[in-house]
**Student:** 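Below you'll find the structure I mean.
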Amino acid sequence: MIDIAVEGDPLVRWALHAPGARIWRRPGAVVVACPDLSHWDRLVMNGEPGAVAALLPEALAGTGETFRPFGTEELVTEVVARLPGLEVSATFAWMETTAPVGRATGAAAWLGDEDRAEVTALIDEAYPESYARPGGAGVRRWAGIRDADGTLLTVAAEAWSTAETGFMSGVATRPSARGRGLGAAICAFVADELLPGRERVALLVDYWNTAALATYTRLGFTTRRVAAARRSQAVRVAV
């Protein structure tokens with residue numbers, strides 16, 4: 001059963017408080033447009049599929065080609081089935097915790113601007129496809145763990161957080177340091193730093209990244225299946 005309690009949907013609540021948010025609403029449906037929300041211009045949707053499908057063309061017309069519908073996998077699939085000009089472009093996991101993780105180590109700490117070049121080099125080596133990069137829009141700060149010699153081993157960013165949702169991204173561990181629990185340690189540190197005063201800490205992760213999914217699950221994060229859609233190349237949405 002698709003959740004139509006739009007005010008309680010964590011995806012919608014995340015988007016509503018993001019910079020530049022615009023909202024379209026009708027009975028049983030809401031669409032929130034946010035530019036550059038976790039890398040993409042997103043149209044975050046919630047509601048009854050028929051009502052969302054009726055409302056979405058208005059939001060698409062008011063935002064432009066770069067905005068992509070985003071919501072639970074079930075809802076996105078239902079809406080795409082009703083709008084021939086759309087296609088599902090990706091499925092992945094929204095993972096969140098509303099309770100402290102409590103597994104951080106004393107070695108984890110927030111990094112400074114002077115560490116930006118090191119973070120960039122580690123991301124380039126370990127996770128070049130990361131949406132979060134030093135200096136990127138919406139990327140606020142980085143945390144890291146170093147070894148005894150000062151070498152940066154693992155990092156994670158606070159990026160695209162809002163007043164209610166702390167958001168984590170850019171989790172990467174140097175290949176030579178993997179298998180030592182460093183990814184879990186840095187995620188625990190960032191999650192527990194971001195949660196106070198907020199409802200939740202969340203992140204997005206691809207299903208192919210089974211190691212990351214297992215790590216976040218062990219830390220107490222729960223999973224919600226989500227998806228994104230785009231205008232199909234063969235047919236444009238009539239809006």
Side-chain angles (χ1 to χ4, degrees), residues 1-96 129-132 136-138 159-162 164-165 167 169 199-200 202-209 213 222-239:
M1 183 68 178
I2 293 173
D3 178 17
I4 61 172
V6 296
E7 299 298 343
D9 176 35
L11 306 178
V12 170
R13 294 179 72 85
W14 179 47
L16 278 172
H17 295 278
R22 299 167 57 197
I23 186 169
W24 286 261
R25 185 190 295 274
R26 67 171 55 190
V30 64
V31 178
V32 183
C34 290
D36 197 12
L37 185 64
S38 187
H39 183 69
W40 295 103
D41 296 335
R42 299 186 187 271
L43 294 169
V44 183
M45 315 179 299
N46 186 267
E48 191 279 320
V52 174
L55 178 61
L56 183 59
E58 182 180 342
L60 288 165
T63 52
E65 293 284 328
T66 62
F67 280 79
R68 296 187 172 197
F70 172 74
T72 65
E73 185 176 333
E74 183 183 4
L75 176 60
V76 171
T77 301
E78 293 264 12
V79 169
V80 165
R82 288 168 166 80
L83 294 175
L86 289 179
E87 61 186 10
V88 176
S89 59
T91 60
F92 39 101
W94 165 280
M95 301 191 73
E96 68 172 53
E129 64 272 26
S130 173
Y131 286 171
W160 305 292
S161 290
T162 65
E164 294 182 348
T165 304
F167 202 81
S169 188
E199 293 181 351
R200 63 183 52 81
L203 53 87
L204 294 171
V205 60
D206 291 308
Y207 287 125
W208 59 260
N209 196 344
L213 286 165
T222 58
T223 301
R224 173 179 292 211
R225 299 182 67 90
V226 295
R230 64 188 175 195
R231 294 168 173 85
S232 65
Q233 296 181 358
V235 181
R236 296 297 178 183
V237 178
V239 293

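Along the sequence shown, residues are numbered consecutively beginning with 1.
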**Student:** Parallel under 30°, tilted from 30 to 60°, perpendicular over 60°: which one fits the rings of W14 and F70?
**Tutor:**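 Correct class here is perpendicular.
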**Student:** Enter the distance from T165:OG1 to E199:CD here, rounded to the nearest 0.5 Å.
**Tutor:**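 These two atoms lie 6.5 Å from each other.
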**Student:** If you take all heavy atoms of H17 and R13, which pair is closest and at what distance?
**Tutor:**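 In terms of heavy atoms, the two residues are closest at CD2-O, 3.1 Å.
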**Student:** To the nearest 0.5 Å, what is the distance between CG on L43 and CG on L56?
**Tutor:**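 With rounding to 0.5 Å, CG (L43) is 6.0 Å from CG (L56).
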**Student:** Can you check side chain to side chain contact (heavy atoms under 4.5 Å, CB included) on E96 and T222, steps first, answer last?
**Tutor:** CA-CA 5 Å; E96 68 172 53; T222 58; 3.8 Å; yes
**Student:** Testing the basics here: between L75 and M45, what is the closest heavy-atom pair and its distance to 0.1 Å?
**Tutor:**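 That would be CD2-O, 3.6 Å.
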**Student:** Does any N or O in the side chain of S161 come within less than 3.5 Å of the main-chain N or O of F167, such that one atom is a donor and the other an acceptor?
**Tutor:**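 Side chain of S161 to backbone of F167, a donor-acceptor pair under 3.5 Å: yes, one is there.
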**Student:** Could you check whether any side-chain N or O of R22 sits under 3.5 Å from a backbone N or O of G62, counting only pairs where one atom can act as donor and the other as acceptor?
**Tutor:**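 Looks like yes, one N/O pair under 3.5 Å.
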**Student:** Is the backbone N or O of L37 less than 3.5 Å from a side-chain atom of R42, with the two atoms forming a donor-acceptor pair by type?
**Tutor:**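 Pair found, side chain donor or acceptor close to backbone of L37.
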**Student:** Which heavy atom in A229 sits nearest to a heavy atom in R68, and how many Å separate them?
**Tutor:**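 Result for this residue pair: O-CB, 3.2 Å.
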**Student:** Quick check: does any side chain N or O of S89 sit under 3.5 Å from a backbone N or O of A228, one acting as donor and the other as acceptor?
**Tutor:**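 Checked: pair present.
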**Student:** Please evaluate residues V30 and D9 with respect to the criterion side chain to side chain contact (heavy atoms under 4.5 Å, CB included), reporting the C-alpha separation (whole Å), side-chain torsions for both, the decisive distance (0.1 Å), and the verdict.
**Tutor:** CA-CA 11 Å; V30 64; D9 176 35; over 6 Å; no
**Student:** Suppose we screen for side chain to side chain donor-acceptor pair (under 3.5 Å). Which residues come up paired with T66, at least two apart in sequence or across chains?
**Tutor:**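 Scan of T66 (side chain to side chain donor-acceptor pair (under 3.5 Å), adjacent residues dropped) gives D41.
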**Student:** What is the distance from atom OG of S169 to atom CG of L204, rounded to the nearest 0.5 Å?
**Tutor:**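 Here the interatomic distance stands at 8.0 Å.
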**Student:** Please determine whether a side-chain nitrogen of the Lys or Arg among E87 and R230 lies less than 4.0 Å from a carboxylate oxygen of the Asp or Glu.
**Tutor:**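 Between R230 and E87 there is a salt bridge, with a charged N closer than 4.0 Å to a carboxylate O.
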**Student:** Which pair of non-hydrogen atoms, one from V76 and one from A227, has the smallest distance, and what is that distance?
**Tutor:**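 What the structure gives for the nearest pair is CG2-O, 3.4 Å.
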**Student:** Within the distance-only criterion (no hydrogens, no angle test), does the side chain of R231 pair as donor or acceptor with the backbone N or O of L60 below 3.5 angstrom?
**Tutor:**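 Side chain of R231 to backbone of L60: a pair is present.
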**Student:** Roughly how far apart are L203 CG and Y131 OH, rounded to 0.5 Å?
**Tutor:**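 Between atom CG of L203 and atom OH of Y131 there are 13.5 Å.
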**Student:** My understanding is that only residues two or more places apart in sequence, or in another chain, count here; which of them pass ring pair (Phe, Tyr, Trp, His ring centres under 6.0 Å) with W160?
**Tutor:**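 For W160, no residue satisfies ring pair (Phe, Tyr, Trp, His ring centres under 6.0 Å) once neighbours in sequence are set aside.
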**Student:** Any side-chain heavy atom of C34 within less than 4.5 Å of one from V44?
**Tutor:**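 Answer no - side chains too far apart.
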**Student:** For residues V205 and F92, determine if any side-chain heavy atom of one lies less than 4.5 Å from a side-chain heavy atom of the other.
**Tutor:**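 They are not in side-chain contact.
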**Student:** Please report the shortest heavy-atom distance between N46 and V52, naming the atom on each side.
**Tutor:**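 Looks like O-CG2, 3.5 Å.
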**Student:** Determine the minimum heavy-atom distance between R26 and A51, stating which atoms define it.
**Tutor:**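 Shortest heavy-atom contact: CD-O, 3.9 Å.
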